[in-house]
Amino acid sequence: MSRPLLMIPGPIEFTDEVMATMARPTASHVDPDFIAAFGQALKDLRSVFLAGDDFQPFVLAGSGTLAMDSAVANLVEPGDRVLVIDTGYFSLRMADICRRYGAEVDLLGVPPGETVSATEVAAQLQQNAYDLVTITHVDTSTGVLTDVQGITTVAKDAGSLVIVDGVCAAAAEEMRQQAWGVDVYLTASQKAIGVPPGLALLVVSPAGMRKWRGRSAPVGSYYSDWSSWLPIMESYEGLRPSYFATPAVNLVLALSVSLQQILAEGMDAVFARHRLIGDAVKAGVSALGLGQVPTDAAHAAHTLTCPRYPDGVDGSLLGRVRAHGAILAGGLYPAIKTEYFRIGHMGAVSANDILATLGAVETSLRQSGYAAEPGIALAAAQAVLAGGE
Ligand SMILES: *Cc1c(COP(=O)(O)O)cnc(C)c1O
């Protein structure tokens, strides 16, 4: 029997080419081939985020949390005022990181499954001035997609910088960093970027770099400080060797492969494929009669789906689904953790993967005593997929 599919909101299924690259003999970090691959990956990261040539990419060894830490450590000075758009678990982590670096944080929050509109943010910005606004593009704990473009527009009008946590969204949900004016877009390798865990990725706007250059207080983290990393990124992009701390060589090589695969598909095609796959999973879940955590389909993410357990079914469902070939994730938002589960569908995910997953969910629901008509989720998903052919 083949291994189960990994259908969680990161890590995800990776392509064979990426995994083959991980298995190559590790090169020196100053090997010319490695320098060329790293240099190209930095350029490609800009292209994937649709950022301008004057935006600065950073690739650091660490997880998505390091990307958040790096953005905040460098852009927040003690006493800065930060508005955190709070849509769930990772927004609160962002707020904690901001406080750790001395910011005064206000939260603009909503009940789980809801999102904050640009109008609400504009109203808050009229009452108070903020140095920074942070947004979680897709909240991984609720499956909610937030209007980055709209909120960034009102925040920039009010003179705030904008940091967007795109860890569960980058290279999947539409993001046009330059056109939308996002100052920091950040993610981690193991989500839709499609590389095993271990890289923190950020792209910073010229305005973001200016705020960092104009700091009066030193950056309060040794490892995150862009003073050490900017010369490294500039060197590799200029095809010169450089050293501050050893790069994760195999992961960077795998990143260069994955970014090329993403760009070969094309960003508009990548965004459209995630919309189609996401809509198909949601149609399947609805056909089974299951509710979802997002309160409105208009603000539901396309990278994961958060179905609510039907009456009489609990978390033991996930063990059954695994036995039928798909690994899913439990709930994450503390107040409703036991009421729902999460299906990740981002990156190299295919129509076959989601059909196999929905089939496993259907069968497992029946085994859990829930009346699910055989094939009903698959038919609904296939109807959506057929529309995208
Ligand atoms: C996964 C995730 C993170 C944290 O990333 P790690 O790699 O686990 O540190 C942060 N924000 C969001 C939105 C995520 O989905």
Side-chain angles (χ1 to χ4, degrees), residues 6-14 49 58-73 84-98 100 107 109-110 112-113 115-116 133-148 151 162-175 182 184-203 221 223-224 248 251-252 254-255 258 274 278 293-294 299-306 327-334 337 340-347 349:
L6 186 54
M7 301 295 286
I8 66 174
I12 61 168
E13 290 287 332
F14 305 118
F49 288 4
F58 292 92
V59 172
L60 311 176
S63 81
T65 304
L66 178 74
M68 298 165 80
D69 185 277
S70 170
V72 173
V84 172
I85 311 301
D86 171 20
T87 45
Y89 187 90
F90 287 109
S91 309
L92 293 177
R93 176 171 297 184
M94 186 65 98
D96 278 347
I97 298 171
C98 289
R100 185 68 67 93
L107 295 173
V110 281
T115 186
V116 179
V133 174
T134 76
I135 309 167
T136 310
H137 195 174
V138 166
D139 194 282
T140 324
S141 66
T142 57
V144 161
L145 173 68
T146 292
D147 175 14
V148 168
I151 295 175
V162 176
I163 297 178
V164 179
D165 171 355
V167 181
C168 199
E173 300 285 359
E174 183 175 6
M175 160 51 61
V182 169
V184 179
Y185 197 52
L186 63 89
T187 190
S189 52
Q190 78 274 17
K191 307 231 179 162
I193 289 280
V195 175
L199 292 178
L201 312 171
L202 304 87
V203 175
S221 158
Y223 185 77
S224 280
L251 286 168
V252 171
L255 176 69
S258 191
H274 282 86
V293 175
H299 63 246
H302 304 95
T303 49
L304 80 160
T305 299
C306 297
I327 297 170
L328 306 182
L332 181 62
Y333 192 101
K337 209 172 165 19
Y340 72 106
F341 60 102
R342 297 176 298 150
I343 308 172
H345 35 78
M346 62 183 116
V349 63

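For ligands, and for the atoms within them, numbers begin at 1 and follow the listed sequence.
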Exercise. Looking only at protein heavy atoms, identify the closest one to atom 3 (C) of ligand 1 and say how far it is in Å.
Key: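 Minimum-distance protein heavy atom for atom 3 (C) of ligand 1 reads Phe90 CE2, 3.4 Å.
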
Quiz prompt | Side-chain H-bond candidate by donor/acceptor type, Thr115 with Thr87, under 3.5 Å | solution =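 No pair is found: no donor N or O on one side chain lies under 3.5 Å from an acceptor on the other.
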
Quiz item: For Ile163, which of Ile135, Thr134, Val133, Val84 qualifies under side-chain contact (heavy atoms from CB on, under 4.5 Å)?
Solution: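 Single pass found, and it is Thr134.
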
Quiz item: Under the 3.5 angstrom rule, does the side chain of His345 hit a backbone N or O of His302 as a donor-acceptor pair?
Solution: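 Yes.
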
Quiz item: What do you reckon, does Thr140 have a nitrogen or oxygen under 3.5 Å from a nitrogen or oxygen of ligand 1?
Solution: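 Yes, Thr140 has an N/O under 3.5 Å of an N/O on ligand 1.
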
Quiz item: Does Gly64 reach ligand 1 with a nitrogen or oxygen that is under 3.5 Å from one of the ligand's nitrogen or oxygen atoms?
Solution: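 N/O-N/O distance under 3.5 Å: yes.
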
Quiz prompt | Point-to-point distance, once rounded to the nearest 0.5 Å, from OG of Ser91 to CD1 of Ile85 | solution =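 Answer for the OG-CD1 pair, Ser91 versus Ile85, is 8.5 Å.
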
Where ligand 1 meets [X] - atom numbers and elements under 4.0 angstrom, heavy-atom basis:
X: Thr65; result: 4 (C), 5 (O), 6 (P), 9 (O)
X: Asp165; result: 10 (C), 11 (N), 12 (C), 13 (C)
X: Val138; result: 13 (C)
X: Met68; result: 10 (C)
X: Ser63; result: 6 (P), 7 (O), 9 (O)

Practice problem: Would you kindly specify which portion of His137 sits under 4.0 Å from ligand 1, judged on non-hydrogen atoms: side chain, backbone, both or neither? | Solution: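 Neither part.
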
